[in-house]
Each structure stands twice: as C-alpha cells, then as structure tokens.
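The structure appears below as structure tokens.
Below, read A as the first sequence line, B as the second, and so on, with proteins coming before strands; counting in each chain starts at 1.
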Amino acid sequence: MKILIIDDAMVMRNIHKNVLKEHGFTDEDFREAGDGETALKIALSEVIDVFLVDWNIPRMSGLDFVKKIRATERYARTPVIMITSEAAKYNVLEAIEAGTTDYVVKPIKAALLWDKLSQYVGARP
Amino acid sequence: MRRPAISAQTDSVEVRELFLEEEFRGDRLVNNVRFYILFVLLAFALMKNGFPRALHFDAALNFTLIILGVGYLYTGALYFLYRRHVYRRALKYVSMTLDVTLAVLATASYRLEAYEEYATIFMLARASIVYWFIIWSLLRYNVWLSLYSGLLAAAEYLLFVVVGNDLLGRPFSFTGKDGLIHVGHFASSEEILKIVYLAAGGVLAMIVAIRLRHLVVDSMRREHDKSRLQAQNQLITTVNQENRKYLDNVREGLLLIDAQYRIGDQYSRFLTELFGTEEVAGRSFVDFMYPDAAMQGAERAELERFLSIVFSNTTASLAMIMSVNPLSNKTILIKDAVGEVKKRVVDASFHRIGNSAAVDSVMVVFEDRTAVTLAQKELEQEKQSHEAEMESISAILKAGPQALKDFVEESRQGLLSVMQAIPNLAERSTLNQAFREIHSVKGSAGMMGFRRIAADAHAAEGLLANVRDRDLPADEALKSSVEQAVKLVFSDFDAVQKLYNSFTEFTSRPLEGAAGGTGSSLDRFLDSLRQMTADLSVRVQKEITFHAQNGVGDLPFLAKVKNPLIHMIRNAVDHGVEDPFERLSKGKPKEGNIRLGVSRDGDSYIIEVADDGAGIDFDRVRTKGIQKKLIAEGEEDVSNRRLLNLLFMPGFSSRDDVTEISGMGVGLDVVKDAVTALGGKISVATERDKGTRLSLRIPG
C-alpha cells in the first residue's frame, strides 16, 4: 500500500501518519510531499494507492492537483481524500467536480479521520 | 390524478404489427408462385409455336400473347401495390381471380395449334366457368368470392364468343347457325380439356393449400403468442397494480428522473399532495422544484449542478455527494387548491439507478418534515425563553434591587427617547442620538447579564446602523421595523419587571406575617383592594403598585367605609395615576403608586389614600363649576379650597365627563356622605404632577 500524504505542514503529515500507524501501517506505506509539484512528480514516477491532499498547498492548489492526476489514465479512479477547513457547500461542490473521492474537515479528529480513511485504505491486522 | 401509461399496452401494439408482417409474407409467397406459373405457361406456348414462327404470329396467337402481356403488367402493378401496403385485401382477391383466368387463356393458346378450329377457344372458356365454381368454392368457402368469380368468368366467356367470331371474320350469334361460334357450342375434345383444367386447378389447389397451411401455422403461432403475451400483460398489469398500490399509499414523495432530468410516469400520489400539483410526469425536475426561472435562477443553477454530479460523477463517494444535496431540509412554498401559499419543509434524498459505470435514472424520495421542523423550532423557542427567564432571574439576583431599578428606569427612559426619535430618523443628529441610546441599553443589559434584552437591542441597533453606516433610506418601512424592534425590547423589560414583581411579592409575604396583621377582616379587605388594583391597572394599561399599611389591626366601622374606600382606590387608578408614557414624559417613574394607610390618632382612626399621580387640575374644576353654574359670574377668582368643596358636591361630575377632570372623578359625594354619617372629616392635599392625598378622620 502506498499512501501519498500532501501537506506543507510537517505536523499535519505526522498526524496523518500517526493515525494510520495506530492501525497497523508502517513508514514504508507512506510517501510525503510538501507541495503540489513535488507530489505530482512522485505520483507520476510511482504507483500511489491513496492520496491524502490538503486543500491549501504551495505551488499548486489541492484542487488543481486533483484535476491533474485525474487527467491521467493511471489515477482515473484512485481514491483522493481532501483535507480541508473549507466545508462550505460551494467548496465541496468544487472538490467533487475536480474529482475528489471524499473529504475530511479540519480540525482533524483522529477517530473521524480513521473512519473515513479506513473506507479507502482497508484495515491492517 | 393522471394515471401513468402502462408499458404492456405498448407491447400489444408491437404484436399486432408483427402479425400483419407475417400475413404479408404469406401473400407474397402466393404472388411469387403465381408469377412463376404464368412465366412457365408463356414459355411453353412460345416453344410449341417455335421461336422463328413467333415472329409472324397469326391473329389468335397475337390475341393470346396480348392477354399474357396484360397479365404480366397487372402482376407487376399488383406486386408494387402490395409493397406499398395499399388496398391489400381487395387486391388479393382480384389478383387471384385474374390469375386463374390468365392460366386458362394461356393454356388455350397452346390448344390453338392442335385445333385450327377457333371455336375451341370459347369452348374452353365455357368450361372454365364450371371449373371456376368448383375450384373457388372448394378452396375459399366463400360465397361472395364464388359469385364474383363466376360473374367474372361469364363476362370472359362472352368476350371470347365476341372476339372469337370477330377473328374468324364472322358476325356474332347466340345460336350457332352458319358455323358461327356460339354460346351453346360443344366440342368432342372437351373431355381432354377437363383433364387439363383439373390439372391447372390442382396446381392452384396446391398453392392455396400451401397458403392455408401457412395460415393455420400462423394462426396457431399467433394464438400461442397471444396467450404468452396475455400472460405477460397480466404479469405487467399485476406488477403495475402492485406498484400503483404502493405508490398510492406510501407516505413519501417518490419519483424517477432520467438523464435529461425529466420526471418519469411512475410517481407516488403523496408527491402530488406534498407539492400541491398534478403536473408531474414529463416535466423537468428543475422546473418542478423551481418553476420561476427569473426569480429562482441561482437555486436552479445549484440544483442542475448537483444533478449533473449525481448522474455523471464517478469519482466522489456517495456520502460526499449527498453532503452538498441542495434539497435537504428545504423550505418550499406551495400554493394549495384555494390559492393559499403554504410553507413546507421537505427533505429529498437521491438514489442512483443503474450500474456503476452509467446512471440511467435517479430516484428522488421526498419526506415531509414540516411537522418535525415546526416541533423542533417550538422546542428550541421554548428552551430559549426558559433560558432567557433563568438568565433574567440570575441577573436580577446578581444585580440587587437598587442596581436593577436604576438599570430598568434608565433603559426605559432611553427606549422612550428612541421611540420619540423614530419619526425624525432622517435627521442625522436624531439618528445618532437614537443609536447612542439603544447602544447604551444594549451595553448595560449585556453587563447586567440580560442576554435576551441585549440581543433584541442589538437587532434594533443593527437597523439604525444600516441607515447610519450604509446609507439606507430612513423610509416608512424602516421606521416601522425600528418601532417593532424597540417595542420588543420594551416587552423584554416588562418580562423582567414581572419577574422582579413576583420576587418582591414573594419576599414581602413573610414580613407581612411578621407584622402580625394576618387574619383580621381589615387585612383581608386590604388584600382584596390590592388584587382589585392589580386587575384594574392591567385593564387600563397602567403599572401601579398598591401599598397598604395597617397600623390598627381592625376597624370597628369597616363595613361602612368599604364602599367609599373602593371608590377612592378606583378613582386613583382611573384618574389619579397617569399612563406609563405620560409619566415617563413627565420624568416620573413609569410605575405609579397608590398607598392606603390606616392608623390611629388618639380616639380617632385616620385612613389615608394617596397616589403619586397628576394631582387635581383646579383650572378644569373652575371651568366645570362655571359651566354647572355652581360658581356665580364675577366670582371666578374663587379659592382652591372652595373648588375642592365643589368636588364633593353631588352631581358635580357624572360618568360622562369624568375623564375630563384629570386627577379626580366620580362619587366623592358618596365618600363624603359615608364619612359624615360616621361623624368624621375629609381632608384633601394635592399638587400638580405630584399626586393627591385624601385623609379620612373618623372617631372610634
């Protein structure tokens, strides 16, 4: 399983990783990127199974990143989870239209985050 | 209610089309066979005559060939008409008749070579009449067709006789004299011809038999198909009826929309009740929800955007899509049968129908949440008003009586000046003043912990801020809404006042008990006066507190002064104490007071009734006295003492004009009579805008 976590704040990336580690994932399961361009490079050079994208990332918005990977054949149906503090209806609409699979609203609560993620990453023993 | 079309009916129509097609194919087969027979007969005739000789035919052969040519032409024409599907039934019978005729004629052309006698032609033709009847009545079992064929054959026979004689260069005759061809002509070769004709008939019979077999097979298959389709129809009807029952009785608004957002035929009856319309099937769902394209453009765009996601977005999770559902707990306005507009709260959920790759249609389920929402709202309001009351109680307790009193009075003054400022809100200075007043009410209410008052004052302040900061016009609509808002704050204060009054009543009771006055008849009377004052003041919309002080325990002559005291209290409530706005405008507290004190001075009892109202208007009393001719002309500068005496004269004031004399009223003569009877005296003290005090001194 390769999960690409895209967030410019290392603290946030660690929070996501820790939540997943509690459910049996290890460091080998994660790829990390601090901005959209780096993320795109990683996505195109490897095969990612699940994306965890922050709405606000440098050098490319989260939405643009989603649009870019959706345009590729490889990631046409790969789960993309948007982490956002913008939970207003029109933001969610935009996210859906860009190709997002699901979204988690900030501030993050570990139990809720896992609740969402588990639907896409599958449970680990 | 418009019943949706049942799809089984459409199936039946298709079945009928199918059968027609089958029939047509059977006919075509017969037509083709007929065509081949004619072709074979012609070829046979040509071969018998020989090709070189065919170039110079004798007259009889020409005649035969013309008949054959006509035969081909009509067959071609018939074939064309058959393909065009016109006059099918009539063409079928005409063509069959002509076929047999032509077959007979073609055979005759062969016979011409062997028998140079042209008379044979009509012999053959005559024979054909017989065989026509035999063949057709055998094969068709159709009386009309037999008759028709017979008539046709008879006509042909006549034609043969005429044409045959003509060819031989002889005149026409019915009798056969002079070797003429005639109708009764008989030839010895006829027996051989019978065999030839029977053979031709046999071929035709075979063709018809093939056709009959087709017909039988067809009709059997048709029966079979029919029963199968009937069973299917029955099944569909049953399923539809079951669906219908469900759709008619389910308490949810169900409908299906296709990829063009059109609403399908099947929908629940409840949907029409929910939306108050029968126009459902075939309408665009967007139009159905938001019929007004001009006014509801934004809503329509949002719904269309959402529907497009529901139908075609394959990446987002259902939960995510449903989180942007624009029709969840949506308030809609429904016009009912009598044109009254009603508010409904509906909750729509969307369910995709089809496989994961493509959504064919979407089922929309509407739930009526009007009652639930209303109940929730009421519960919420009740909770809020309870909370506000609890907050007020704790604020009252926290503030203590003096601070509360100051707060209430200051705020009421402030609100009053806002009320007075409303007509002139267009003036900048007035607007600013009103804004400051309401702002300070809000501020102190917040500080004291009266959150409700603060919130309502904030709303009123907001209205004024719109004018001050956003340059909205201070028109009548705004003025009236400011007035509404300020009145709401007033009513909040009333509620606080009421609570406070309950408190003081609650806390004053044990004190009364401590004074030891409970249980005496005077105390009970004073209590009833307190109640009367409370009831009266509500009725005349004044706020009056009744204070009673019993310094004697009991009165020996209580029964005799009860009625005068009631009169005096009533007067004080009706005419003594001013209404709240008048009091506030005079700079007095909104709440008025009436005090009744009973005390003892040596042997005498002193009963005092005092109010802090408007006092006696002596000018009005003087005017009244002159009107009533109680003051002589030229004595207008009469003293106040004399004017007071006038008040106690019977008939000085009547019910009709009590209201004109502010501060005093009716029935003081009643008081005077009662006091005089007890050997007592009345004294009056009054001051404009301060109040009036009546003292009764009665010996014990």
Side-chain angles (χ1 to χ4, degrees), chain A residues 3-4 43 48-55 62-106 108-109 111-122, chain B residues 257 259-261 285-286 289-290 295-332 345-364 366-367 369 373:
Chain A
I3 303 166
L4 179 53
I48 303 298
D49 299 304
V50 175
F51 292 91
L52 228 64
V53 190
D54 190 72
W55 182 279
L63 283 184
D64 284 340
F65 175 77
V66 178
K67 282 179 199 162
K68 284 221 162 74
I69 57 161
R70 280 288 181 241
T72 65
E73 207 173 312
R74 193 189 299 175
Y75 297 119
R77 299 192 65 81
T78 310
V80 179
I81 295 140
M82 186 75 86
I83 312 287
T84 174
S85 51
E86 327 276 343
K89 222 174 213 181
Y90 66 92
N91 289 119
V92 180
L93 272 171
E94 263 188 296
I96 292 173
E97 284 166 349
T100 308
T101 313
D102 219 327
Y103 70 114
V104 180
V105 181
K106 279 199 230 178
I108 300 291
K109 290 204 175 66
L112 288 179
L113 179 66
W114 173 247
D115 216 34
K116 273 267 149 67
L117 287 180
S118 59
Q119 297 171 28
Y120 305 102
V121 297
Chain B
I257 50 179
Q260 281 74 47
Y261 314 152
F285 183 64
V286 180
M289 286 307 301
Y290 303 114
M295 295 294 293
Q296 299 171 311
E299 285 100 328
R300 288 171 65 96
E302 192 191 5
L303 182 57
E304 271 169 14
R305 196 170 166 193
F306 175 72
L307 288 176
S308 136
I309 289 173
V310 172
F311 272 99
S312 49
N313 185 292
T314 52
T315 46
S317 70
L318 269 183
M320 187 172 186
I321 292 175
M322 290 316 152
S323 74
V324 291
N325 175 1
L327 299 182
S328 81
N329 281 324
K330 179 92 191 157
T331 304
I332 50 169
V345 181
V346 295
D347 190 51
S349 54
F350 293 78
H351 308 270
R352 288 167 161 176
I353 294 172
N355 55 39
S356 59
V359 181
D360 308 326
S361 51
V362 167
M363 182 166 76
V364 189
F366 282 100
E367 210 185 317
R369 295 186 59 83
T373 313

field: Residues in side chain to side chain donor-acceptor pair (under 3.5 Å) contact with B:S349, at least two apart in sequence or another chain
entry: B:H351
message: Using only non-hydrogen atoms and a strict under-4.5 angstrom cutoff, which residues of residues 92-104 of chain A touch chain B?
response: A:V92, A:L93, A:E94, A:A95, A:I96, A:E97, A:G99, A:T100, A:T101, A:D102, A:Y103
- prompt: Going by residue number, which parts of residues 315-327 of chain B are within reach of chain A, meaning a heavy-atom gap below 4.5 Å?
  reply: B:T315, B:A316, B:S317, B:M320, B:I321, B:S323, B:V324, B:N325, B:P326
message: Going by side chain to side chain donor-acceptor pair (under 3.5 Å), name the residues that satisfy it together with B:D360, two or more places apart in sequence or in a different chain.
response: none
message: Is it the case that atom NZ in A:K89 sees more than 12 heavy atoms from other parts of the structure closer than 6.0 Å?
response: yes
